[in-house]
Amino acid sequence: SSTMFSEAEVQSARGAWEKIYVDAEDNGTTVLVRMFTEHPDTKSYFTHFKGMDSAEEMKQSDQVRGHGKKVFTAINDMVQHLDNSEAFLGIVNPLGKKHATQLKVDPKNFRIICDIILQLMEEKFGGDCKASFEKVTNEICTHLNNVYKEAGW
């Protein structure tokens, strides 16, 4: 099967991801809280987060924590399949379709989340960690955008 990444890229991306995935729930929550704080319009997709204004309140919310973990679990599934395009797209496509058709989430929000993940990687583990994962986030966003186009977004 075809592959989007060289063996070396797969290894370094997985190494970078593992560092942040160790604390999936906490880091996933941090990413979402940053997104909701810096881009308050993104809260509109989550009816149960809408009324929350303080970052502290969001951090404590089971729903925010649950969705943070969900986001990180989905990315983790993708990272496990970087060496198999078919399997990778098997995860990305249904996820994109659901967000496009059922949830009607603006695709620019995927880029926002990915950028915040890269930012967090750099803060916690340095520029090399971020650099190792950049191509992965680009692939994820590119493929999600393709799914949106196909869905007529």
Side-chain angles (χ1 to χ4, degrees), residues 1-43 45-46 49 52 54-100 103 105-149:
S1 87
S2 67
T3 174
M4 307 163 271
F5 299 89
S6 72
E7 188 56 40
E9 284 172 331
V10 170
Q11 292 314 317
S12 67
R14 283 186 181 153
W17 175 249
E18 270 161 25
K19 291 180 179 168
I20 203 160
Y21 189 65
V22 169
D23 297 307
E25 191 175 317
D26 280 342
N27 287 326
T29 300
T30 298
V31 167
L32 284 189
V33 170
R34 260 187 213 186
M35 177 173 78
F36 294 146
T37 311
E38 292 167 14
H39 306 269
D41 57 303
T42 56
K43 281 195 294 185
Y45 296 107
F46 298 92
F49 306 166
M52 292 183 199
S54 81
E56 268 319 298
E57 201 183 348
M58 290 180 216
K59 267 182 203 136
Q60 303 305 317
S61 155
D62 287 340
Q63 275 117 338
V64 176
R65 297 190 72 78
H67 199 74
K69 184 146 195 239
K70 215 183 206 173
V71 169
F72 267 47
T73 302
I75 294 172
N76 189 57
D77 290 343
M78 295 170 199
V79 169
Q80 300 319 311
H81 296 99
L82 295 178
D83 43 11
N84 180 340
S85 299
E86 225 173 304
F88 178 84
L89 293 174
I91 297 157
V92 173
N93 289 343
L95 187 91
K97 204 170 226 162
K98 184 182 182 187
H99 282 76
L103 306 170
V105 172
D106 191 315
K108 76 173 190 315
N109 295 322
F110 295 119
R111 186 72 260 175
I112 291 172
I113 282 197
C114 284
D115 286 344
I116 296 171
I117 289 171
L118 292 174
Q119 190 185 29
L120 191 63
M121 281 182 158
E122 187 167 29
E123 284 167 23
K124 284 181 174 265
F125 310 110
D128 287 351
C129 182
K130 177 192 170 182
S132 299
F133 205 66
E134 244 161 336
K135 187 173 174 183
V136 175
T137 59
N138 289 338
E139 286 290 336
I140 292 172
C141 289
T142 299
H143 288 294
L144 285 169
N145 282 327
N146 291 343
V147 176
Y148 268 74
K149 281 191 197 101

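Below, all heavy atoms of this structure are taken into account, side chains as well, without hydrogens, waters or symmetry copies.
The minimum heavy-atom distance between S61 and F49, with the atom names listed, is OG-CE2, 4.4 Å. Of all the heavy atoms in E9 and S6, the pair that sits closest is OE1-N, 2.9 Å. Closest approach of M52 and M58 over heavy atoms only: O-CE, 3.5 Å. Nearest heavy-atom pair, A74 versus I91, reported as atom, atom and distance to 0.1 Å: O-CG2, 4.3 Å. Counting all heavy atoms, side chain and backbone alike, Y148 lies closest to A100 at OH-N, 3.4 Å.
Between the R14 side chain and the Q80 main chain, a donor and an acceptor come within less than 3.5 Å of each other.
In this structure, T37 OG1 and L32 CG are separated by 10.0 Å, a value rounded to the nearest 0.5 Å. Once rounded to the nearest 0.5 Å, the distance linking CG of L82 with CD of Q11 reads 9.5 Å. Separating the NZ atom in K98 from the CG atom in L103 is a distance of 5.5 Å, to the nearest 0.5 Å. Atom-to-atom distance recorded for E123:CD and T30:OG1 is 9.5 Å, nearest 0.5 angstrom. Within the model, atoms NZ of K135 and CZ of F5 stand 5.5 Å from one another, a figure rounded to the nearest 0.5 Å. Taking NZ of K69 as the reference point, atom CG of D26 lies at 10.5 Å (rounded to 0.5 Å).
Contact of the I117 side chain with the F72 side chain is registered, since non-hydrogen atoms from C-beta on lie closer than 4.5 Å. Between N109 and Y45 there is a side-chain heavy-atom pair separated by less than 4.5 Å.
For H99 and F110, the ring centers sit closer than 6.0 Å to each other.
K70 pairs by the salt bridge (charged side-chain N to carboxylate O under 4.0 Å, His left out) definition with nothing, not counting sequence neighbours. Taking the side chain to side chain contact (heavy atoms under 4.5 Å, CB included) definition, one finds that V92 meets it with M78, F88, H143, L144, sequence neighbours left out. For V147, the side chain to side chain contact (heavy atoms under 4.5 Å, CB included) partners are N93, K97, not counting sequence neighbours. N138 meets the side-chain hydrogen bond (donor to acceptor under 3.5 Å, both in side chains) test with R111; sequence neighbours excluded. Not a single side-chain hydrogen bond (donor to acceptor under 3.5 Å, both in side chains) links E122 to another residue, sequence neighbours left out. When the side-chain hydrogen bond (donor to acceptor under 3.5 Å, both in side chains) test is applied to K43, the partners found at least two apart in sequence or on another chain are D53. Applying the side chain to side chain contact (heavy atoms under 4.5 Å, CB included) rule to D41 yields the partners H39, K108; only residues at least two apart in sequence or on another chain are considered. Among residues two or more places apart in sequence or in another chain, the salt bridge (charged side-chain N to carboxylate O under 4.0 Å, His left out) test is passed with E56 by K59. Contacts of D128 classified as side-chain hydrogen bond (donor to acceptor under 3.5 Å, both in side chains), with partners at least two apart in sequence or in another chain: none. Residues meeting the ring-ring contact (aromatic ring centres under 6.0 Å, His included) test with H81, sequence neighbours left out: none. Under the rule for a side chain to side chain contact (heavy atoms under 4.5 Å, CB included), the partners of E134 that lie at least two apart in sequence or sit in another chain are L118, K130, A131.
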Show the atom names and distances, to 0.1 Å, of all donor-acceptor pairs under 3.5 Å that link a side chain in residues 15-25 to residues at least two apart or in another chain.
unit_1: W17; atom_1: NE1; unit_2: N76; atom_2: OD1; d: 2.9
unit_1: E25; atom_1: OE2; unit_2: R65; atom_2: NE; d: 2.8

Please lay out, stage by stage, how V33 and V64 fare under the test side-chain contact (heavy atoms from CB on, under 4.5 Å).
CA-CA 8 Å; V33 170; V64 176; 4.1 Å; yes
